[in-house]
Colleague: 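The structure that follows is given in the form of structure tokens.
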Protein chains: 2
Amino acid sequence: MTAEGERESSVRVRAFVPGPVTGFFSVHRHRDPEKAGSRGAGLSLTDGVTVALEPADSIEVVLDGDPVEMESVVRTLDSLGVEARATVKSSVPVSAGFGVSGGAALGAALVANRQFGLAHTETELVGVAHAAEVEAGTGLGDVVAQAHGGVPLRLDPGVPPAGRLDSIPVRPTRIEYVSFGGRSTGEIIGGTVDTLTAAGEHALGALRERPTLTRLLALSRTFAREADLLTATAETAIDAVDEAGGEAAMAMLGDTVVALGEGLSMAGYDPVVCEIDPAGARLV
Amino acid sequence: MTAEGERESSVRVRAFVPGPVTGFFSVHRHRDPEKAGSRGAGLSLTDGVTVALEPADSIEVVLDGDPVEMESVVRTLDSLGVEARATVKSSVPVSAGFGVSGGAALGAALVANRQFGLAHTETELVGVAHAAEVEAGTGLGDVVAQAHGGVPLRLDPGVPPAGRLDSIPVRPTRIEYVSFGGRSTGEIIGGTVDTLTAAGEHALGALRERPTLTRLLALSRTFAREADLLTATAETAIDAVDEAGGEAAMAMLGDTVVALGEGLSMAGYDPVVCEIDPAGARLV
């Protein structure tokens with residue numbers, strides 16, 4: 001397979017990884033990082049991150065032009081045995097609940113696989129990026145959701161097949177979002193999560209009884225209140241969308257509100273507009 | 001949830017289901033149709049079928065303008081408790097290895113779910129369509145592959161999560177195909193399949209050792225010979241693509257040849273051109 005290996009390693013590729021919006025989740029710790037993670041549900045957006053790699057003497061990450069420490073990417077490339085500079089460009093705000101660290105890790109894994117001729121399967125790459133994200137402490141379920149796209153239901157923590165995944169089939173759907181600022185995922189998921197986890201488990205059970213998109217948003221609103229994660233700015237925006245006849249929820253974990261259709265526009269906000277991404281993380 | 005149910009059932013939607021090209025497969029019978037099926041690998045194409053439904057007094061199927069008997073669709077809609085006329089339009093040739101019967105069944109399930117407010121998950125709908133296809137005897141693994149898109153590796157027979165699925169991550173890839181005529185899937189998968197299954201199992205094992213797209217094509221060529229399914233016209237085309245420096249294989253089960261990139265054009269054929277579909281079956 002030498003000819004094939006050479007041909008495959010000579011190409012330069014990029015990956016696109018959708019921004020995952022988590023509506024609700026529960027935390028499940030496990031000593032095996034591929035089995036640790038979260039259960040929950042959310043949306044994958046056509047806004048997200050793109051990742052490119054070029055060979056380098058050490059692993060480096062450049063995010064929107066600036067060198068950054070991004071442990072999820074460093075761990076991913078290290079696991080794959082690749083030394084490269086990762087150039088990450090984000091069309092979503094950083095630390096605002098849009099899974100930039102997980103997306104960068106998964107994108108780096110996909111690009112490394114193709115560009116360096118590693119010949120791993122998708123599930124293997126998702127496993128590497130998920131474990132890197134969990135060990136970095138920056139996320140618990142984003143990578144699995146981002147790989148799938150659409151409206152993922154994460155029925156078990158961790159990576160498939162043990163971490164069972166399902167989804168709500170939806171039409172192409174306009175999504176609007178506004179971000180009021182950042183939050184540290186690590187601080188929240190590293191702390192006491194009993195209340196949050198109970199609320200997340202309840203929401204997932206209720207969604208599975210009748211899995212639809214509008215119900216996902218409604219259960220996400222309840223979760224944000226029960227888990228005591230709802231910010232005042234997000235609450236104001238969600239209430240305004242509700243009064244305008246729309247459906248909105250807070251993106252976990254950011255001070256960010258996401259609405260279906262024209263919900264935020266109708267409520268007088270000036271949102272970013274995108275769609276639900278149907279395909280999940282992919283080479284482009 | 002009355003308001004939501006009403007809103008969801010009032011819309012008219014269509015589904016697109018990619019045409020799956022199976023490169024190799026093995027047959028696994030089981031009395032539970034959700035566990036019966038095939039293992040194997042192939043491609044999902046941006047050519048395929050679209051499906052729409054309208055309420056009717058009985059279940060009917062219209063394929064490219066003509067009323068047809070299509071048991072996979074009838075069984076799917078019957079399982080879901082929906083009486084409707086399914087209008088199927090195919091951009092791939094029928095009975096040529098492009099999974100029209102499975103695609104129509106899965107498309108009908110996706111549309112019925114949304115248009116009739118059934119609120120099933122993707123996995124549930126794939127299970128219904130797969131079982132219908134298996135019971136109709138028209139296919140064994142198309143539905144699962146079509147739901148996933150991309151380059152699926154079907155590691156176990158049947159529907160996920162028990163029927164484990166993985167995939168080879170690929171860039172957007174031009175695909176060419178020519179179809180020389182039809183074959184009956186039912187006749188082949190209903191007969192003696194020991195040789196075929198041994199060849200398919202061997203190919204899957206070899207692909208998992210190094211899962212790449214070019215290797216998938218090479219192993220598919222070997223499978224077609226070993227399983228004694230290679231037609232003379234397909235062999236001629238595959239050899240011509242090989243001599244032109246391209247990669248081609250036969251689509252199971254049709255007298256059809258599929259090539260990467262410009263393989264068939266380079267060999268002097270006048271192929272249909274499409275791409276690998278990255279997203280899988282979806283509402284549009």
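Scope of the values below: all heavy atoms of this structure, side chains included, with no hydrogens, waters or symmetry mates. Every chain is numbered from 1 and lettered A, B, ... according to where its sequence line falls, protein lines coming before strand lines.
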Colleague: Taking atom types as modelled and ignoring hydrogens, do the side chains of E247(B) and T214(B) form a donor-acceptor contact shorter than 3.5 angstrom?
Modeller: no
Colleague: Is L155(B) close to chain A through its backbone or its side chain, or both, or neither, when contacts mean heavy atoms under 4.5 Å?
Modeller: neither
Colleague: Need one label for L153(A): side chain, backbone, both or neither, based on atoms under 4.5 Å from any heavy atom in chain B.
Modeller: side chain
Colleague: Is the closest side-chain donor-acceptor distance between S167(B) and E122(A) under 3.5 Å?
Modeller: yes
Colleague: Which answer fits V151(B), side chain, backbone, both or neither, if we ask what part of it has an atom under 4.5 Å from a heavy atom of chain A?
Modeller: neither
Colleague: Out of A162(B), A279(B), A15(B), which one racks up the most heavy-atom pairs below 4.5 Å with chain A?
Modeller: A279(B)
Colleague: With only heavy atoms counted, which part of V126(A) is less than 4.5 Å from chain B, the side chain, the backbone, both or neither?
Modeller: neither
Colleague: Hey, what do you get for CD (Q146(A)) to CG (L45(A)), rounding to the nearest 0.5 Å?
Modeller: 10.0 Å
Colleague: Heavy-atom distances under 4.5 Å only: say whether H120(A) touches chain B with side chain, backbone, both or neither.
Modeller: backbone
Colleague: Which one wins on heavy-atom pair count under 4.5 Å against chain B: L118(A), V284(A), L165(A)?
Modeller: V284(A)
Colleague: Does the side chain of P160(A) reach to within under 4.5 Å of the side chain of P161(B), using non-hydrogen atoms?
Modeller: no
Colleague: Considering only heavy atoms from C-beta outward, does the side chain of R282(B) approach that of D277(B) to under 4.5 Å?
Modeller: yes
Colleague: Is a donor on one side and an acceptor on the other found under 3.5 Å between the side chain of E133(A) and the backbone of S72(A)?
Modeller: no
